[in-house]
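Both counts, for ligands and for their atoms, begin at 1 and track the order of listing.
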Amino acid sequence: MGTTLPNPNHYDAIVLGGGTMGTAAAWALGRRGLTSLILEQFQHVHAMGSHGGDTRVIRHAYAESPEYVPLVLRADQLWQELETESGQQVLIRCGGLELAAPGYDHARLARLSADEHGLPYEWLPASEAAARWPAFRIPDDWDALYTPSTGFLLTEPALRGMAEAAQRLGATLLEHTPATAWGSDNGSVWVETASGRYEAGALVITAGAWAGAMLADFGLPIHVRRKTLWWQEVDDVSRYQPDRFPVFIADSSAGEIYGFPIYGEPALKIANHAGGDVVDVETVDRQTRPGENRDCLELASHLIPGVRPAVHKSAVCLYTMTPDTDFIVDRDPRSTNVVFGAGFSGHGFKFAPAIGELLADMVASPTAAPIPRLSLSRFDLAPSTAAT
Ligand SMILES: Cc1cc2nc3c(=O)[nH]c(=O)nc-3n(C[C@H](O)[C@H](O)[C@H](O)COP(=O)(O)OP(=O)(O)OC[C@H]3O[C@@H](n4cnc5c(N)ncnc54)[C@H](O)[C@@H]3O)c2cc1C
């Protein structure tokens with residue numbers, strides 16, 4: 001009797017979409033002793049989806065809801081572990097300044113979140129904040145919250161580090177391999193690609209802005225928004241370095257405008273979290289147009305007068321929005337071995353390694369329940385029984 005050789009096309013899990021959350025899920029699966037095949041339609045790390053633009057804010061005092069705080073604290077711990085394991089810096093902790101015009105509540109909600117979780121912060125008179133960070137000119141009637149644990153993540157080293165860690169733990173990464181269909185039967189899953197069909201015990205779908213198509217059966221209430229990012233020239237780059245200029249978020253009639261200390265490029269990166277055209281991911285205009293930074297420049301002219309109108313660099317990136325801006329991390333109600341993460345609504349990156357763990361836990365344990373706030377059941381979706 002011959003021995004049965006392991007099937008090289010059979011993995012514990014297939015990860016459909018090797019971007020932010022898919023790479024994090026593969027790393028977490030590996031840490032649980034599970035092999036995975038990551039299918040990525042483009043190269044690993046690219047500018048076509050939601051992780052382009054070099055940097056992402058990480059903050060703990062979470063204005064969106066205190067419920068996210070344990071998740072971001074766990075993610076922060078994992079980002080630090082990744083740095084130790086990869087020997088590469090991924091997180092620069094420069095502190096964060098949340099500013100809010102009268103009637104705007106981002107800073108106040110962040111403070112409530114910090115209070116609920118005992119996180120350190122300083123609630124500062126505007127004049128004191130402006131004295132500490134002289135690049136800012138802050139109106140007296142604005143709120144100012146400083147959180148020392150805020151910082152920014154370097155997207156490329158973060159994603160490469162997680163992919164390399166996953167590969168050391170048994171993941172295989174296939175780039176330029178778009179998945180065209182998937183399904184599940186009898187406890188296993190299959191995914192079709194132009195280069196072949198792959199099978200596994202479980203499927204993790206993390207398709208980002210393509211989730212609407214890859215999860216079409218569920219009729220998820222998500223839409224894609226086109227966002228622009230701007231690296232503006234400044235009066236004196238030395239004033240905006242991470243050791244003397246914080247990440248900032250300014251909530252006002254101009255929108256929710258945020259920015260980073262100067263890092264990597266000799267210009268200040270600034271963007272508006274609010275707004276953005278609803279687009280189709282296949283036809284979206286990936287070029288920025290002159291004048292699209294109007295809101296950022298208007299805010300900067302009042303708040304950071306050293307920001308100049310000249311653009312050093314710009315980029316287009318995509319948000320995948322849910323109606324309540326909370327994420328969707330759940331499993332297929334028809335097949336417990338199909339799990340998915342979608343609708344990260346423009347604020348998911350900081351959480352990635354923790355989301356990876358949630359997805360890996362749902363793969364490892366068919367009874368692991370989703371976090372209610374992130375569950376599919378919060379939407380009133382018509383049940384579907386069709387196989388994809
Ligand atoms: C401009 C901008 C600024 C942001 N700022 C912040 C911030 O400061 N802090 C923060 O925490 N978050 C921020 N975010 C949000 C964060 O970046 C996203 O929530 C996160 O990157 C989403 O991860 P994802 O895995 O869903 O998408 P992605 O990282 O885009 O990954 C999805 C992947 O799936 C692949 N894929 C899709 N379909 C297929 C298929 N059929 N076959 C194979 N592969 C497929 C895609 O090519 C892609 O690589 C920002 C986002 C943008 C756009």
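Nearest to atom 25 (O) of ligand 1 among the protein's heavy atoms is Met21 N, 2.9 Å. Atom 5 (N) of ligand 1 has as its closest protein heavy atom Arg56 CD, 3.2 Å. Residue, atom and distance of the protein heavy atom nearest to atom 43 (C) of ligand 1 are Gln41 N, 3.2 Å. Protein heavy atom in closest approach to atom 16 (C) of ligand 1: Phe349 N, 3.4 Å. Closest to atom 31 (O) of ligand 1 among all protein heavy atoms lies Gly19 CA, 3.2 Å.
At least one heavy atom of Thr177 sits under 4.0 Å from some atom of ligand 1. Distances from ligand 1 to the non-hydrogen atoms of Phe351 include no value under 4.0 Å. Heavy-atom separations between Gly346 and ligand 1 include at least one value shorter than 4.0 Å. Taking a 4.0 Å cut-off on heavy atoms, Met48 fails to register as neighbouring ligand 1.
The existence of a salt bridge linking Glu64 and Arg59 is confirmed by a sub-4.0 Å separation between a basic side-chain nitrogen and an acidic carboxylate oxygen. Salt bridge present: Arg132 and Glu122 bring a charged side-chain N and a carboxylate O closer than 4.0 Å. Ionic pairing of Asp76 and Arg93 is present here: one or more N-O contacts between side-chain nitrogen and carboxylate oxygen are shorter than 4.0 angstrom.
Under the 30°/60° scheme for interplanar angles, the aromatic rings of His347 and Tyr68 are found to stand perpendicular. Between Tyr319 and His273, the two ring planes are tilted [angle within 30° to 60°].
In the displayed structure, Arg294 atom CZ is contacted under 6.0 Å by at most 12 heavy atoms of other residues, nucleotides or ligands. Within a 6.0 Å sphere centred on NE2 of His176, heavy atoms belonging to other residues, nucleotides or ligands number more than 12.
For ligand 1, the atoms closer than 4.0 angstrom to any heavy atom of Met214 are 41 (N). Taking every non-hydrogen atom of Gly17 and a distance limit under 4.0 Å, the qualifying atoms of ligand 1 come out as 34 (O), 35 (C), 36 (N), 44 (N), 45 (C). In the vicinity of Pro178, heavy-atom distances shorter than 4.0 Å reach the ligand 1 atoms 42 (N), 43 (C). Residue contact check: Leu318 has heavy atoms under 4.0 Å from atoms 53 (C) of ligand 1. Those atoms of ligand 1 with a heavy atom of Leu229 less than 4.0 angstrom away are 1 (C). Remark: ligand 1 atoms within the under-4.0 Å shell around heavy atoms of Cys317 are 1 (C), 2 (C), 52 (C), 53 (C).
Residues Tyr62 and Phe351 place their aromatic rings such that the two centres sit under 6.0 Å apart. Between His60 and His117, the ring center distance fails the sub-6.0 Å criterion. Phe136 and Phe248 have their aromatic ring centers within a separation under 6.0 angstrom.
The shortest heavy-atom contact between Ala165 and Leu82 is CB-CD1, 4.4 Å.
The residue His273 has no part lying near ligand 1, judged by heavy-atom distances below 4.0 Å. Contact annotation: for Trp210 versus ligand 1, heavy atoms closer than 4.0 Å belong to the side chain alone. With a 4.0 Å heavy-atom cut-off, ligand 1 is reached by the backbone of Leu39 but not by any atom from C-beta on. Residue Glu40 touches ligand 1 through backbone and side chain together, judged by heavy-atom distances below 4.0 Å.
In terms of the side-chain contact (heavy atoms from CB on, under 4.5 Å) criterion, residue partners of Glu282 (sequence neighbours excluded) are, by chain and number, Trp210, Asp280.
Checking Thr20, Leu16, Leu159 against atom 21 (O) of ligand 1, the nearest heavy atom belongs to Thr20. When the heavy atoms of Ser50, Ala207, Gly208 are ranked by distance to atom 30 (O) of ligand 1, first place goes to Ser50.
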